Asker: 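What follows is a single structure, and I will ask about it in a moment.
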There are 2 protein chains.
Amino acid sequence: MAKPKSQAIQARRIRPTIHDVAKAAGVSIATVSRALNSPDSVRKELRERVVAAADSMDYMADSVGKALRRQRTQIISTMLPRLADPLFSAVASAIQETLEENGYLGFVQTSGFDNSNLFDRAKRLIEHGTEGLIIFGRIDDQRLLDYCRAHQLPLLSAYSYFEKSEVPTIGFDNYLATRQLVEMLHTLGHSRIAMISGSDKGNDRQQSRIRAFRDINAELGQEPVIEFTHMDFDMADGGAALRRIMENHPETTALICNRCVIAFSVMVEARRLGITVPEHLSLTGFDDIDYAALFDPSLTTVAVPSEKIGRAAAKAMIARLETGAPLGSRRFETEVILRRSVARPRTTA
Amino acid sequence: MAKPKSQAIQARRIRPTIHDVAKAAGVSIATVSRALNSPDSVRKELRERVVAAADSMDYMADSVGKALRRQRTQIISTMLPRLADPLFSAVASAIQETLEENGYLGFVQTSGFDNSNLFDRAKRLIEHGTEGLIIFGRIDDQRLLDYCRAHQLPLLSAYSYFEKSEVPTIGFDNYLATRQLVEMLHTLGHSRIAMISGSDKGNDRQQSRIRAFRDINAELGQEPVIEFTHMDFDMADGGAALRRIMENHPETTALICNRCVIAFSVMVEARRLGITVPEHLSLTGFDDIDYAALFDPSLTTVAVPSEKIGRAAAKAMIARLETGAPLGSRRFETEVILRRSVARPRTTA
DNA sequence: TTAAGAACAGTAAACGTTTACAAATCACGA
DNA sequence: TCGTGATTTGTAAACGTTTACTGTTCTTAA
């Protein structure tokens, strides 16, 4: 009945345990557990005594002990390229909130922009009892894929959606979104469109956008005009890329920037060069971050339903864990937000 | 020696346990534990057998069992107002990275902008074995303070620094930063300065900035001109506030916006009203987010060393847990980044 | 009054790990 | 050859829970 005497590992336990509550209430630990977890199964009087004792010492059942016994941790972990990025943090935020609302908790870890060595980074997450793993972007690490399959650890690729994917994926389709954007420009009359991209190394988003752009150009029998620009996190120097494009392809009437920050820097440089936006050059960004609307002229972008994606990913994982229903893929629609940075091309005007 | 027979809680354990490794290597679980944790204490031949067995089945020691036995989880949790916010996510990111580098792992939870009912939100974090709690902003929940003191849970207030604080605080001083900003404007010759703030309800940052502004005005015997504007996350409508200020206080030559997004929206409205920045009105933001430099004119702001603050907070907490040294407070300097949105006042020019 | 069944409470085992202690083995000098 | 001490390995207990099983008490009907 009493807490088994033992050489304490620590001088004294800092948090009260179920034994402390049991002693205070004068019942067995089993009764405490029952009173707290399935109140109906213990007599009213005892139950109240237990609850009072528990409250008086701020007792919270230790999830570690509970997890060990139940073999459930209720932990779902997320790996994303960078947390300090409005694109990703919006999705991560929705994930964390959804987890919390459903009684789960989540570790968050950054992976950088290279998904080819995820396993080592994910190890600690798995050790700590991660029951499900949500990873942003395409998963390129075969060891991780093998491990998850072998040990039945649910794995979900989120943020980007992939038509062909080895694992379930929930997100938006960068390829389609780019086609959508180009089509809109075509409809307005643009036929000479260039693209400025950040590095596509290990970045499935840029890769898909570039692939879409190349495909479209191939269909039209045009040489794709693509310039790359160095991106240092949220800063980009699109200026140099813009100058190269205007020099080598002065016929360009519309410019797709694969990230909003690239577009911002291009805008500044354009103004310096005396190129007016949108009269002389139409400009688009991508990923509709809030600032896009505040720029002058406001920036046309592709809006990504970050919040929806995050919630869907978290919910899917929770459902998988609770019902055992296999994870499914899901594609979210993007929307081109037409703003003042885009107009009909100058030749047509 | 053999794994004790028992009715399995689950049909089959998905992750291999130390018993599986022991059986495969033909040794006791104690030897496995030693071979993996203190290799020197086991004979080379056995050690190799154990390691081989462990590797072959991708064995990772379960942190849940380990935590229960060791009474250490190596988990440090962070609560911040909003994850999808460049201000906070930069700090949170630095925290997470520092934790990971040091063998820790972190839960992240959002608290909204009200720190008065933190305890209930923190409960699950504590249950799950949080060894230290980092909370952004001033901690207003007495229950949480009491709990942490009573149960010796290290508690750290991060992001904002407070001169007088019940708990250790690591961050920057909004009061001082505001004074710094106003002084800079004074030096340039501005004497009629107004402020636009977001809601200060439960927001210690806005509170400190407003307090500093009021104090300065009081010292000069001026009535402080402060307008509030509604902020919906990253969008703000500073336009209306600007109009009110220009109408009631046309003598204003400089305007401090308590968040960059406010400044952005003010800039757009100013342009519409034909007020030129900085010739007619100097404008500042706060929290130097990357976009501030990209606007036209580029925005003068106060740079906050987010990364440093995050790393310092995480390191302090880790040191507290590992050496027992009490947590100390630490104030980080901010820096006014003078950009094109600020110039000498028109009257002086 | 008593037997039977229902309702409730307690005992003990188990989850996966580490580690004190005991036991076994080994090396080596007397 | 044997004793001693050092080295290595195994046994078992403990960390904080939950829960199957058992035992006790209470209710109620004969």
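Since the model is a prediction, treat every value here as computed from it, not as a measurement. Note: hydrogens, waters and symmetry copies are ignored here, and every other heavy atom, side chains too, is used.
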Asker: Nearest 0.5 Å, what's the CZ-OG distance between F136(B) and S160(B)?
Answerer: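 If I round to the nearest 0.5 Å, the distance is 9.5 Å.
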Asker: Atom CG of D62(B) and atom P of dC15(D): how far apart are they, to the nearest Å?
Answerer: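 It works out to 18 Å between those atoms.
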Asker: CE of M60(B) versus C1' of dT18(C): gap in Å, rounded?
Answerer: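 To the nearest whole Å, that distance equals 20 Å.
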Asker: Would you indicate which nucleotide in dT19(C), dT11(C), dT17(C) comes nearest to any side-chain atom of I18(B)?
Answerer: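 Closest nucleotide among those given: dT17(C).
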Asker: Using whole Å, report how far CD of E45(A) lies from P of dC26(D).
Answerer: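 To the nearest whole Å, that distance equals 12 Å.
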Asker: Could you walk me through whether E100(A) and R124(B) pass salt bridge (Lys or Arg N to Asp or Glu O under 4.0 Å), step by step?
Answerer: CA-CA 9 Å; E100(A) 195 202 337; R124(B) 194 170 306 142; 5.2 Å; no
Asker: Nearest-Å distance, CZ (R49(A)) to P (dC8(C))?
Answerer: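 In whole Å, dC8(C) P lies 15 Å from R49(A) CZ.
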Asker: Listing time: all N or O pairs from protein to nucleotides 4-8 of chain D that are below 3.5 Å?
Answerer:
unit_1, atom_1, unit_2, atom_2, d
dT8(D), O3', R43(B), NE, 3.4

Asker: Between atom CG of D58(B) and atom NZ of K123(A), what is the distance when rounded to the nearest 0.5 Å?
Answerer: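 So the gap between those two atoms works out to 8.0 Å.
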Asker: Can you tell me how far P of dT11(C) sits from CD1 of I29(A), to the nearest Å?
Answerer: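 So the two atoms are 9 Å apart, to the nearest Å.
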Asker: Please confirm whether the shortest side-chain N or O distance from K66(A) to OP1 or OP2 of dG16(D) is below 4.0 Å.
Answerer: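 Checking K66(A) against dG16(D): no side-chain N or O falls below 4.0 Å of OP1 or OP2.
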Asker: Measure CZ/R34(B) against P/dT19(C) and give the value in whole Å, please.
Answerer: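 Going from R34(B) (CZ) to dT19(C) (P), I get 10 Å.
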Asker: OP1 or OP2 of dT18(C) versus the side-chain N and O atoms of S33(B): is any pair under 4.0 Å?
Answerer: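 So the side chain of S33(B) is within the cut-off, an N or O lying under 4.0 Å from OP1 or OP2 of dT18(C).
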Asker: Can you figure out which of dG10(D), dT17(D), dT18(C) approaches the side chain of V27(B) most closely?
Answerer: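 Of the candidates, dG10(D) comes closest.
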Asker: Which part of the nucleic acid does A61(A) contact within heavy-atom distance under 4.0 Å: base, sugar-phosphate only, or nothing?
Answerer: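 Answer is sugar-phosphate: A61(A) comes under 4.0 Å of backbone atoms only.
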Asker: For the side chain of H19(A), counting heavy atoms from C-beta on, which of dT18(C), dG16(D), dT17(D) is nearest?
Answerer: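 So the nucleotide nearest the side chain must be dT17(D).
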Asker: Taking CD from Q71(B) and C1' from dT19(C), how many angstroms apart are they, rounded to a whole number?
Answerer: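 Distance, rounded to whole Å: 14 Å.
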Asker: As an exercise, state the distance from CD1 of I95(A) to CZ of R311(A), rounded to the nearest 0.5 Å.
Answerer: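 Those atoms lie 10.5 Å apart.
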Asker: Can a side-chain donor-acceptor contact be found between S77(B) and T130(B) if the only test is distance below 3.5 angstrom?
Answerer: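 Per modelled atom types, T130(B) and S77(B) side chains form a pair under 3.5 Å.
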Asker: So among D120(A), N117(A), I135(A), which one has a side chain to side chain contact (heavy atoms under 4.5 Å, CB included) with L144(A)?
Answerer: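 Output: one option passes, namely I135(A).
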Asker: dG16(D) C1' sits how many Å from R72(B) CZ, rounded?
Answerer: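 Distance check: R72(B) CZ to dG16(D) C1' gives 18 Å.
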Asker: Counting only side-chain N and O atoms of Y59(B), is one of them less than 4.0 Å from OP1 or OP2 of dG16(C)?
Answerer: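 So the side chain of Y59(B) is outside the cut-off, no N or O lying under 4.0 Å from OP1 or OP2 of dG16(C).
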Asker: Mark yes or no for whether R121(A), through its side chain, and T110(A), through its backbone, hold a donor-acceptor pair below 3.5 Å.
Answerer: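 Yes; judged by distance alone, with no hydrogens or angles, the pair exists.
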Asker: Record whether the side chain of R69(A) comes under 3.5 Å of the base of dT17(D) through a donor-acceptor pair of N or O atoms.
Answerer: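 A donor-acceptor contact between them is absent.
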Asker: State whether T31(B) places a side-chain N or O below 4.0 Å from either non-bridging phosphate oxygen (OP1 or OP2) of dG10(D).
Answerer: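 Indeed, a polar side-chain atom of T31(B) lies that close.
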Asker: Return no unless some side-chain N or O of T17(A) is found under 4.0 Å from OP1 or OP2 of dG16(D).
Answerer: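 Checking dG16(D) against T17(A), no side-chain N or O comes under 4.0 Å of OP1 or OP2.
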